[in-house]
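To start, the structure under review is shown below, and the notes come after it.
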Amino acid sequence: MQEDRKSLDDRQKLTDLERIRHSCAHVLATAILRLWPEAQFAAGPPVENGFYYDVELRHRIAPEDFPAIEAEMKAEIKANHVFEKRIVTRAQAIKDSESGRLGGLSERPGNPSKFKLGNLEAIPEGEPISYYQNGDFIDLCAGPHVLRTGNIGAFKLTHVASAYYKGDERNPQLQRIYGTAFKTRKELDDHFAMLEEARRRDHRKIGAELGLFTIDPDYTGPGLPLWLPKGGAILEELEKLAKETEFAAGYVRVKTPHLAKEKMYQTSGHLPYYAESMFPPMELAEGGESLKRESAQAGSITQRGNDSTKYYLKAMNCPHHHRIFAAEPRSYRDLPLRLAEYGTCYRYEQSGELFGLMRVRSLNMNDAHLYCAPEQFAAEFNAVNEMYLKYFKIFGIEKYVMRFSTSAPEGLGRKYVNEPALWKQTEDMVRGVLVDAKINFVEVPNEAAFYGPKIDVQVWSVIGREFTLATNQVDFAVPKRFGLVYKDRDNVEKTPLCIHRAPLGTHERFIGFLIEHYAGNFPLWLAPDQVRVLTIGDDPALVSYAKGIVQELRASLVRADGDFGTDKINGKIQRAELAKVHTMLVIGPRDLAANAVSLRVHGQGNLGAKPKGAVIEDLLAAIKERRA
RNA sequence: GCCAGUUUAGCUCAGUGGUAGAGCAACGGUUUUGUAAACCGUCGGUCGUCGGUUCAAAUCCGACAACUGGCUCCA
């Protein structure tokens with residue numbers, strides 16, 4: 001996109017590391033040309049963790065080609081060529097593109113540098129056009145680069161992907177070769193160690209190992225996770241936390257159906273703009289006739305008739321809550337009205353976008369809608385933010401950014417509802433709350449929702465993976481579309497503001513995040529297996545004592561079980577440790593005699609024998625306090 | 001959706017045209033145990049699905065499906 005093009009000023013701000021990576025991209029192109037002189041190059045920028053270069057080439061580059069390419073790259077680095085900058089005229093650049101010289105090692109008659117030609121067209125008149133040359137390789141490039149190829153530290157090619165020229169699917173598809181580079185070998189090694197740790201913590205891997213959830217593409221469908229009992233335990237703990245927190249904050253809970261008539265989403269404005277992201281409608285006749293399955297094989301339930309009605313699975317809860325607001329006349333005395341629900345929504349994400357629990361088609365949202373008068377807005381919004389911070393503290397989320405997305409004047413009436421005064425008012429209020437609360441935020445113009453400004457919460461797990469977890473939006477448009485009003489003090493009907501908020505996001509994404517955040521080692525209150533009692537041997541007296549402990553814990557709603565079999569104690573401990581059971585109580589004859597338990601905590605090892613009563617008391621307290 | 005890769009037992013994987021394998025898990029038995037795996041045995045697979053080539057296909061070819069990595073950060 002033209003408007004996203006980096007300005008020359010921005011380019012001069014490239015960090016040293018970005019210069020190294022961008023330079024390494026040129027070296028990559030040089031190496032590919034040594035092996036395949038006909039290759040045509042498009043773009044080769046530095047990116048977050050490295051760099052890439054897009055290349056058009058008949059030969060399909062595979063990881064098996066990497067050693068040969070890397071060897072050529074090393075030779076180019078060893079040659080220590082200078083990155084020479086030259087300003088040229090547009091005419092000269094066009095001529096060099098047509099001869100195939102640009103993005104090549106020499107002129108290539110009959111093989112013009114077509115992508116470079118396209119790139120040239122994107123450079124505005126009046127902006128200088130520059131070449132960078134290392135050895136024989138000349139590239140159209142604004143720079144900046146390191147001084148010499150020898151200044152590139154340690155690098156490695158990582159993977160191949162495909163990408164459309166200029167990101168547009170109507171353009172030719174190119175091979176994108178990714179690599180990464182660092183100043184030193186050690187930094188490169190650390191980077192790969194971090195990636196390895198990320199793979200180890202992958203929520204899909206740990207989720208399967210611990211039996212938290214499963215995805216069954218054949219029967220249930222892709223993107224529709226099934227929560228297994230152990231994942232269900234985490235889910236219930238989160239809901240309990242949300243219910244307690246919201247109750248204390250004056251929310252009321254509601255429950256709404258999973259589907260609604262077409263009219264609902266026409267009124268909300270989500271149809272037709274959001275239709276692509278919704279599951280296709282179910283069509284059926286009014287009047288209570290039984291459903292006729294016209295095409296059972298295709299799985300659709302259809303009844304065509306003159307008065308047929310379409311039902312849609314809900315992609316969001318807000319319209320349902322709006323109808324609850326509308327269900328009875330509202331007075332200013334009813335406000336703020338805070339409707340909360342763990343609502344299940346369905347979104348038809350494209351097949352290629354599905355990703356474990358992070359991107360799914362059925363999602364349980366920690367949703368709530370707060371209806372308030374404008375003068376109540378700041379206090380309500382502030383309270384929502386405080387709730388976010390409270391949650392971050394419980395989960396030990398230290399690194400986060402709130403992305404405050406605002407409107408842009410040129411989008412009013414098109415991308416955004418045409419209410420300039422309300423936009424200014426709500427944006428000022430939100431900004432004021434963020435500043436007063438000293439919250440870490442960045443303001444992003446021209447990214448608001450069509451009905452109001454929004455805040456997306458981005459968090460980083462301990463391994464540095466970024467997640468957009470939660471969202472918090474102001475809505476001053478949709479309540480109007482639904483005709484929602486309250487009777488104010490002055491006996492005038494007014495439209496309330498609505499705050500959409502979901503501090504815990506969805507169960508799917510939040511639990512996915514927590515799995516990676518904790519590497520599956522959940523704190524006691526969240527752990528699917530909180531306590532396991534292990535007997536040394538299966539002597540009946542021991543087993544009876546151990547069973548009593550399990551029963552006592554379960555009576556206090558602790559997820560406790562026992563391993564009373566004939567396996568050796570080492571085997572029982574190994575199994576419990578691999579299952580990441582939080583607390584293990586080992587019971588042998590010595591413990592039975594002393595009315596004690598031997599305490600072992602996952603990750604902490606054997607903590608020795610302690611009085612039974614004290615251990616149970618402390619477990620209950622730790623769970624109640626949601627101790628980290 | 002598009003491009004590429006992958007798909008063999010519940011899990012992790014071996015098997016490149018000639019009788020489908022291992023470890024773990026599960027199940028049965030033996031073992032009576034003090035802090036990360038006791039021992040023996042048994043069960044378990046239309047090699048993702050469908051079609052083609054071949055005397056013969058997990059293996060070669062094609063289609064489809066699912067999964068994984070990308071497709072935004074642009075000379």
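All heavy atoms count here, side chains included; hydrogens, waters and symmetry mates do not. Just so it is clear, the model here is predicted, and its values are computed rather than measured. Every chain is numbered from 1, with letters handed out A, B, ... down the list of sequences.
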What nucleotide, of [options], holds the atom closest to the side chain of [X]?
X: A/Arg204; options: B/U35, B/G34, B/G69; result: B/G69
X: A/Ile573; options: B/G34, B/G69, B/A36; result: B/A36
X: A/Tyr178; options: B/A66, B/G69, B/C73; result: B/C73
X: A/Phe355; options: B/C74, B/G69, B/A36; result: B/G69

When you compare [N] with [M], how far apart are their [atom1] atoms, in angstrom units rounded to a whole number?
N: B/G34; M: B/G29; atom1: P; answer: 24 Å
N: B/A57; M: B/A14; atom1: P; answer: 24 Å
N: B/G18; M: B/A56; atom1: C1'; answer: 7 Å
N: B/G23; M: B/G44; atom1: C1'; answer: 14 Å
N: B/A20; M: B/G15; atom1: C1'; answer: 8 Å
N: B/G10; M: B/G45; atom1: C1'; answer: 12 Å
N: B/U46; M: B/U59; atom1: P; answer: 16 Å
N: B/U16; M: B/C73; atom1: P; answer: 42 Å

Let me check something: any side-chain donor-acceptor pairs from residues 540-547 of chain A under 3.5 Å, sequence neighbours excluded? List them with distances.
from     : atom 1 : to       : atom 2 : distance (Å)
A/Tyr545 : OH     : A/Asn595 : OD1    : 3.4
A/Tyr545 : OH     : A/Ala596 : N      : 3.1
A/Tyr545 : OH     : A/Ala596 : O      : 2.9

Under 3.5 Å between N/O atoms: give me all the protein pairs with nucleotides 37-48 of chain B, atom names plus distance.
from  : atom 1 : to       : atom 2 : distance (Å)
B/A37 : N7     : A/Gln574 : NE2    : 3.0

If you pin A/Glu353 and A/Ile536 to their nearest nucleotides in RNA chain B, which one's is more 5'? A/Glu353

Residue whose closest nucleotide on RNA chain B lies nearer the 5' end, A/Ser598 versus A/Leu354: A/Ser598

Run the numbers on A/Asn134 and A/Thr30 for side chain to side chain donor-acceptor pair (under 3.5 Å), then give the verdict. CA-CA 8 Å; A/Asn134 54 294; A/Thr30 311; 3.2 Å; yes

According to the interplanar angle, ranging from 0 to 90°, do the rings of A/Tyr178 and A/His159 count as parallel (below 30°), tilted (30 to 60°) or perpendicular (above 60°)? parallel

Checking base pairs now: Watson-Crick or wobble, both atom distances under 3.5 Å. What partners [N]?
N: B/C11; value: B/G23
N: B/G62; value: B/C50
N: B/A38; value: B/U30

Does the side chain of A/His81 come under 3.5 Å of the side chain of A/Thr149 through a donor N or O and an acceptor N or O? no

Is it true that the side chains of A/His191 and A/Asn49 contain a donor and an acceptor less than 3.5 Å apart? no

Separation of [X] atom [atom1] from [N] atom [atom2], in whole Å?
X: A/Met584; N: B/G34; atom1: CE; atom2: C1'; value: 15 Å
X: A/Leu585; N: B/U35; atom1: CG; atom2: C1'; value: 13 Å
X: A/Tyr52; N: B/G70; atom1: OH; atom2: C1'; value: 11 Å
X: A/His203; N: B/C67; atom1: NE2; atom2: C1'; value: 13 Å
X: A/Arg200; N: B/U12; atom1: CZ; atom2: P; value: 17 Å
X: A/His26; N: B/C74; atom1: NE2; atom2: C1'; value: 13 Å

Quick one: ring pair (Phe, Tyr, Trp, His ring centres under 6.0 Å) partners of A/Phe522, sequence neighbours excluded? A/Tyr518

Residue pairs fulfilling salt bridge (charged side-chain N to carboxylate O under 4.0 Å, His left out) with at least one residue in residues 21-35 of chain A, sequence neighbours excluded: A/Arg34-A/Glu76

Which residue pairs pass the salt bridge (charged side-chain N to carboxylate O under 4.0 Å, His left out) test when at least one of the two sits in residues 583-606 of chain A, sequence neighbours left out? A/Glu577-A/Arg600

All N/O donor-acceptor pairs, side-chain side in residues 35-47 of chain A, below 3.5 Å, sequence neighbours left out:
from    : atom 1 : to       : atom 2 : distance (Å)
A/Gln40 : NE2    : A/Asn111 : O      : 3.0
A/Gln40 : NE2    : A/Asn111 : OD1    : 2.8
A/Gln40 : NE2    : A/Pro112 : O      : 3.0

Taking only side-chain N and O atoms of A/Arg359, does any of them lie within less than 4.0 angstrom of OP1 or OP2 on B/C67? no

Polar atom pairs between nucleotides 3-6 of chain B and protein, under 3.5 Å, N or O only, would you list them?
from : atom 1 : to       : atom 2 : distance (Å)
B/C3 : O4'    : A/Gln173 : OE1    : 3.2
B/C3 : O4'    : A/Gln173 : NE2    : 3.0
B/C3 : O2     : A/Ser162 : OG     : 3.2

The criterion is side chain to side chain donor-acceptor pair (under 3.5 Å); which residues satisfy it with A/Thr180, sequence neighbours excluded? none

Sequence neighbours excluded, the answer for side chain to side chain donor-acceptor pair (under 3.5 Å) partners of A/Gln175 is none

Assign A/Asp54 to base, sugar-phosphate, or nothing according to its heavy-atom contacts below 4.0 angstrom with the strands shown. nothing

Tell me what A/Arg176 touches on the nucleic acid: a base, only sugar-phosphate, or nothing, going by heavy atoms under 4.0 Å. sugar-phosphate

Distance-only donor-acceptor test, A/Asp539 side-chain atoms vs B/U32 base atoms, 3.5 Å: no

